[in-house]
Amino acid sequence: MEKGLIFDIRHFSTHDGPGIRTTIFFKGCPLKCIWCHNPESQKLEPEAIKRFNKLDGQEFEICEIVGRYRSIDDVFEEIESQVSIFDESKGGVTFSGGEPLMQSKFLLKLLKLCRLHDIHTAVDTCGFASIEVFNLILPYTNLFLFDLKLVSPAKHEMYTGQPNHVILKNLFYLEQNNAYVVVRIPLIPGITDDETNLTAIKAIIKPLRCVKRLDLLPYHHMAKDKYRRMNISYDLEHIEPYTDERLAEIKLIFNDLLIPVTIGG
Ligand code: SF4
C-alpha cells in the first residue's frame, strides 16, 4: 500500500487558504532556505529532534522522531473528520510542507479523493518541481499558494540552494492553464525585502491573470528553538523581526497592483 511521509497534520488553520482548513505537512523539500521555519520538514526521511523538558528545575532531553509514513486512508480519514467545519466555513484542506510536490503520487491520490468528496484543495508549493508534476495535479487543485522568494538567480541559489528558473517557468505554466494562484513572498530582512527584489517580483506577477492575491509573510523568530533542537546552526540569529511601520512601507511597494495585498496571509 502506498504511503506518504507526513510530519504534521493541523486542524483549524486559518492562514493557508479560505475558511477553516486542515493542513497536511509533507516531509521533504528540494530547497534549503536559510530562513526555513520548518527545518524538520526538509529531509525526505524520518529524523530525530530533541525536546527539552524540565523536572524539579533540571532540564533533560527526550528524542522524538519527526515524520511518519501514513497511508492514504489514514490521512484522508483525518481530512474527512473535518468536512462539516469545511462546509460551514467554506474551508478545505491545504497540502503543505516541506514540499508536497516531492511526493506527487501520494498527493495526487489525496487530491483526487478530495475532488470526489467535493472538498476544496490548496497546494502550498515552493514551485520547484517538473512541469509534468504540475500538469498531473492541476485539474484537482482549486488553489495554489505559490512562493516567490528572490528574482536574482544567483541570490536564489545562494539562499535556497536551487536556481529559480524552474519556479518561474512553473508559474507561467499555471498562468497558461488558468490556475487560481495566491503568490506568497517570505519577507526576510536584508535578503528578500530590498526594493529591487520586491519590484522585480511585482513586475513578474502584475501581468498574470492567474494571480488573485499577494501575501507578504514577515520573518519571525519562532523557528529558532527548532534549530537548537536539531543541532543545526541558525544563521539568522541576529535578525530582528519587522516593525509595523516597516511592513507598511514594504506593502506600499505593491500599491499599484490590482489585486489584494495582505501581510501574513
Ligand atoms: S521551500 Fe519552504 S519548506 Fe522548503 S526549505 Fe524553503 S522555507 Fe523550508
Side-chain angles (χ1 to χ4, degrees), residues 4-10 13 15-17 23-47 49 66-68 94-104 106-107 122-130 133-134 137 141 143-171 174 181-193 197 201 214-237 239 241-242 264-265:
L5 184 58
I6 304 297
F7 76 92
D8 202 2
I9 295 183
R10 281 188 217 151
S13 161
H15 291 285
D16 298 322
T23 304
I24 316 284
F25 292 88
F26 284 53
K27 191 155 157 47
C29 184
L31 269 50
K32 204 171 187 303
C33 307
I34 71 160
W35 59 81
C36 184
H37 288 154
N38 288 327
E40 77 279 27
S41 74
Q42 292 176 0
K43 281 192 189 157
L44 190 53
E45 59 190 44
E47 64 188 306
I49 180 166
V66 178
R68 192 151 63 88
T94 299
F95 299 102
S96 183
E99 173 50 61
L101 299 186
M102 266 192 106
Q103 301 182 63
S104 57
F106 190 77
L107 173 64
V123 171
D124 179 10
T125 178
C126 70
F128 193 89
S130 68
V133 164
F134 272 96
I137 66 157
T141 304
L143 162 67
F144 287 90
L145 302 170
F146 197 102
D147 282 6
L148 284 183
K149 300 170 168 66
L150 287 154
V151 173
S152 153
K155 282 191 180 169
H156 197 280
E157 190 150 2
M158 177 163 62
Y159 288 113
T160 75
Q162 294 287 358
N164 59 2
H165 61 275
V166 173
I167 294 167
L168 295 174
K169 199 164 129 194
N170 285 329
L171 181 62
L174 293 182
V181 177
V182 169
V183 165
R184 312 225 277 188
I185 306 176
L187 294 177
I188 314 298
I191 299 177
T192 65
D193 68 346
N197 184 51
I201 292 180
L214 173 65
D215 290 345
L216 305 172
L217 307 180
Y219 168 80
H220 56 72
H221 268 327
M222 264 138 61
K224 207 158 113 182
D225 182 55
K226 288 186 189 171
Y227 282 81
R228 178 170 87 108
R229 290 165 58 200
M230 294 180 73
N231 279 338
I232 309 174
S233 65
Y234 184 58
D235 294 342
L236 306 190
E237 191 86 38
I239 288 184
Y242 287 103

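We count ligands from 1, going down the list as the structure has it; atoms in each ligand are counted the same way. Values reported hereafter were calculated over all heavy atoms of this structure, with side chains retained and with hydrogens, waters and symmetry mates removed. Computed from a predicted model, the values in this text were never measured in an experiment. Along the sequence shown, the residues carry numbers beginning at 1.
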Asker: Checking Asn170 now: which residues fulfil side-chain hydrogen bond (donor to acceptor under 3.5 Å, both in side chains) with it, not counting sequence neighbours?
Answerer: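 Checked Asn170 against side-chain hydrogen bond (donor to acceptor under 3.5 Å, both in side chains); zero matches.
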Asker: Could you check whether the rings of Phe106 and Phe26 sit parallel, tilted or perpendicular, using 30° and 60° as the cut-offs?
Answerer: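 Because their plane-to-plane angle is over 60°, the rings of Phe106 and Phe26 count as perpendicular.
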Asker: Can you name the residues that form a salt bridge (Lys or Arg N to Asp or Glu O under 4.0 Å) with Glu237, not counting sequence neighbours?
Answerer: Lys224
Asker: Between Arg10 and Phe25, is NZ or CZ placed under 6.0 angstrom from the six-membered ring centre and within 45° of the ring axis?
Answerer: yes
Asker: For Arg184, is there an ion pair with Asp16 - N to carboxylate O distance below 4.0 angstrom?
Answerer: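 Yes, charged N to carboxylate O under 4.0 Å.
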Asker: If you count only heavy atoms, which residues are under 4.0 Å from ligand 1?
Answerer: Cys29, Leu31, Lys32, Cys33, Cys36, Ser41, Gln42, Gly98, Cys126, Lys149
Asker: Going by the rule side-chain contact (heavy atoms from CB on, under 4.5 Å), which residues pair with Glu47 if we only count those two or more places apart in sequence or in a different chain?
Answerer: Lys27, Lys43, Met230
